[in-house]
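In this chain, residues are counted from 1 in sequence order. What you are looking at is a predicted structure, and each value in this text was computed from that prediction instead of being measured.
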Amino acid sequence: LWELYFAPSVSYRRLFARLGQLDARLGGHLRRLLTQADNSLGDNFQMHKTSMLEIEEDDLLGFHIWSTYLLLSFFPFREIVGDYLYYDQALPANRRRADMAYYHQAIQRHVFAHGGRRYLSKSPSNTPKIRSLLEIFPDARFICLVRRPQEVVPSAVSLFSENLHLFADPREKYVLQDLALEQAEAWYNYAYETLATLPPQQRLTICYDDLVRDPRGTVEKIYAHFGWELSPSYRRTLNAEHEKARGFRRRYTYSLESVGLEAEEIARRLAPLWRRYRCPE
């Protein structure tokens, strides 16, 4: 997260590394202050572990160029973020090209700084960008992780409302219900129809419940599908995560009513789109 917010460039990363070395020689006082601030950050985001040293969605890079659906966390207005729901279809071509050029360069810098052969981006906000991503990364593979709409929509409402309350003071605890419904409807539909046009070796759909129930088997399926090899060290990591999953309990569940949603509306608008993915009901 610290790289996304403060050091998307290689030079900044090297500068902060040198400052860290200097601070260590002087007793580590700055590091202690930063650790305290980082620990307090996690208290503000209850839905998943948040830290400047944890992995985060790379769509946060879009804040630097003022072009991301995540602006919704600050500005809960459809006129500001609405086009990002339909990114490939709604944004002007010149804007999309500029966004993708910036993103491509950011990934190049990241790979240069860290090395590695393959870059993995887990970002729901990439869903409406499939065509744009293919233009800049023609050999990209897409793993479509599909979750039930009755879980996706209240989770989105809660997440963005929680973020919004950090920066504003809405009268209601939960807001953005209509936008979350529109987002789910647009992304379920666009992902299904767009990925269906790609060759099988370039895309794979995974049901979220399968990943939670059997992470090892699901990841092995992904690697086999794309012809990737599981290294011995990663297989050990995967086995350990599989054992941890046996005791997994979701930290947060949301009833539809608690976030101002109606089951009938979700079923009417999203159930037909969900069934096309052939995931267990």
Side-chain angles (χ1 to χ4, degrees), residues 44-50 56-60 62-63 66-91 121-130 143-195 205-209 211-212 250-277 279 281:
N44 293 321
F45 297 92
Q46 301 300 321
M47 294 187 69
H48 72 271
K49 185 177 181 181
T50 302
E56 268 295 347
E57 297 174 16
D58 63 10
D59 203 49
L60 292 169
F63 281 129
W66 208 249
S67 184
T68 170
Y69 180 64
L70 300 180
L71 287 168
L72 181 63
S73 296
F74 300 90
F75 307 104
F77 310 112
R78 196 193 180 288
E79 57 268 29
I80 292 179
V81 300
D83 284 351
Y84 293 98
L85 291 175
Y86 309 92
Y87 187 92
D88 284 346
Q89 302 143 303
L91 257 67
S121 172
K122 184 270 175 189
S123 181
S125 300
N126 279 339
T127 305
K129 300 178 180 180
I130 295 171
I143 302 168
C144 183
L145 185 62
V146 189
R147 194 177 181 185
R148 291 185 180 91
Q150 58 266 39
E151 296 174 348
V152 167
V153 179
S155 177
V157 170
S158 182
L159 171 64
F160 283 109
S161 295
E162 186 177 276
N163 291 347
L164 182 60
H165 275 271
L166 289 176
F167 308 107
D169 188 23
R171 293 181 180 179
E172 298 181 19
K173 181 179 180 181
Y174 295 109
V175 296
L176 310 171
Q177 289 91 340
D178 291 341
L179 202 55
L181 274 167
E182 185 180 0
Q183 171 193 320
E185 189 172 34
W187 292 5
Y188 274 124
N189 190 56
Y190 189 71
Y192 182 86
E193 294 189 348
T194 307
L195 293 178
T205 295
I206 295 293
C207 300
Y208 177 82
D209 286 346
L211 179 62
V212 172
R250 294 180 182 176
R251 295 173 60 192
Y252 301 98
T253 57
Y254 308 97
S255 67
L256 298 178
E257 294 76 13
S258 70
V259 293
L261 294 165
E262 296 182 358
E264 294 78 7
E265 180 70 2
I266 290 179
R268 181 182 66 82
R269 294 176 61 172
L270 301 177
L273 300 176
W274 158 258
R275 294 191 185 103
R276 293 195 294 179
Y277 288 95
C279 288
E281 293 289 344

* Asked: Just by distance, do the side chain of Q177 and the backbone of V259 share a donor-acceptor pair under 3.5 Å?
  -> yes
* May I ask you to decide if V157's main-chain N or O and S161's side chain share a donor-acceptor pair within less than 3.5 Å? => yes
* For Y190, what residues pass the side-chain hydrogen bond (donor to acceptor under 3.5 Å, both in side chains) criterion, not counting sequence neighbours? -> D88
Roughly how far, to the nearest 0.5 Å, is the [atom2] atom of [Y] from the [atom1] atom of [X]?
X    : Y    : atom1 : atom2 : value
S73  : L164 : OG    : CG    : 7.5 Å
N126 : W187 : CG    : CH2   : 9.0 Å
T205 : R276 : OG1   : CZ    : 11.0 Å
I266 : L261 : CD1   : CG    : 5.0 Å
L195 : I143 : CG    : CD1   : 11.0 Å
S123 : K129 : OG    : NZ    : 6.5 Å

Once salt bridge (charged side-chain N to carboxylate O under 4.0 Å, His left out) is applied, do any residues pair with [X], and if so which ones, sequence neighbours excluded?
X    : answer
E265 : R268, R269
E57  : none
D58  : none

Minimum-distance pair of heavy atoms, taken over all atoms of [X] and [Y]:
X    : Y    : value
C279 : V146 : SG-CB, 4.3 Å
D59  : S125 : OD2-CB, 3.2 Å
L273 : E185 : CD1-O, 3.5 Å
A180 : A156 : CB-CB, 4.2 Å
P272 : A267 : CD-O, 3.6 Å
I130 : T127 : CG1-O, 3.3 Å

Do [X] and [Y] touch side chain to side chain, with heavy atoms closer than 4.5 Å?
X    : Y    : value
Y84  : T68  : no
P76  : L179 : no
V81  : F75  : no
F63  : L70  : yes
N189 : E193 : yes

* Asked: What do you reckon, are the aromatic ring centroids of Y208 and Y277 less than 6.0 Å apart?
  -> no
* To do: Write out all pairs satisfying salt bridge (charged side-chain N to carboxylate O under 4.0 Å, His left out) with one or both partners inside residues 75-86, taking only residues at least two apart or from two chains.
  => R78-E182
* What residues form a side chain to side chain contact (heavy atoms under 4.5 Å, CB included) with A184, not counting sequence neighbours? -> V153, Y188, L270
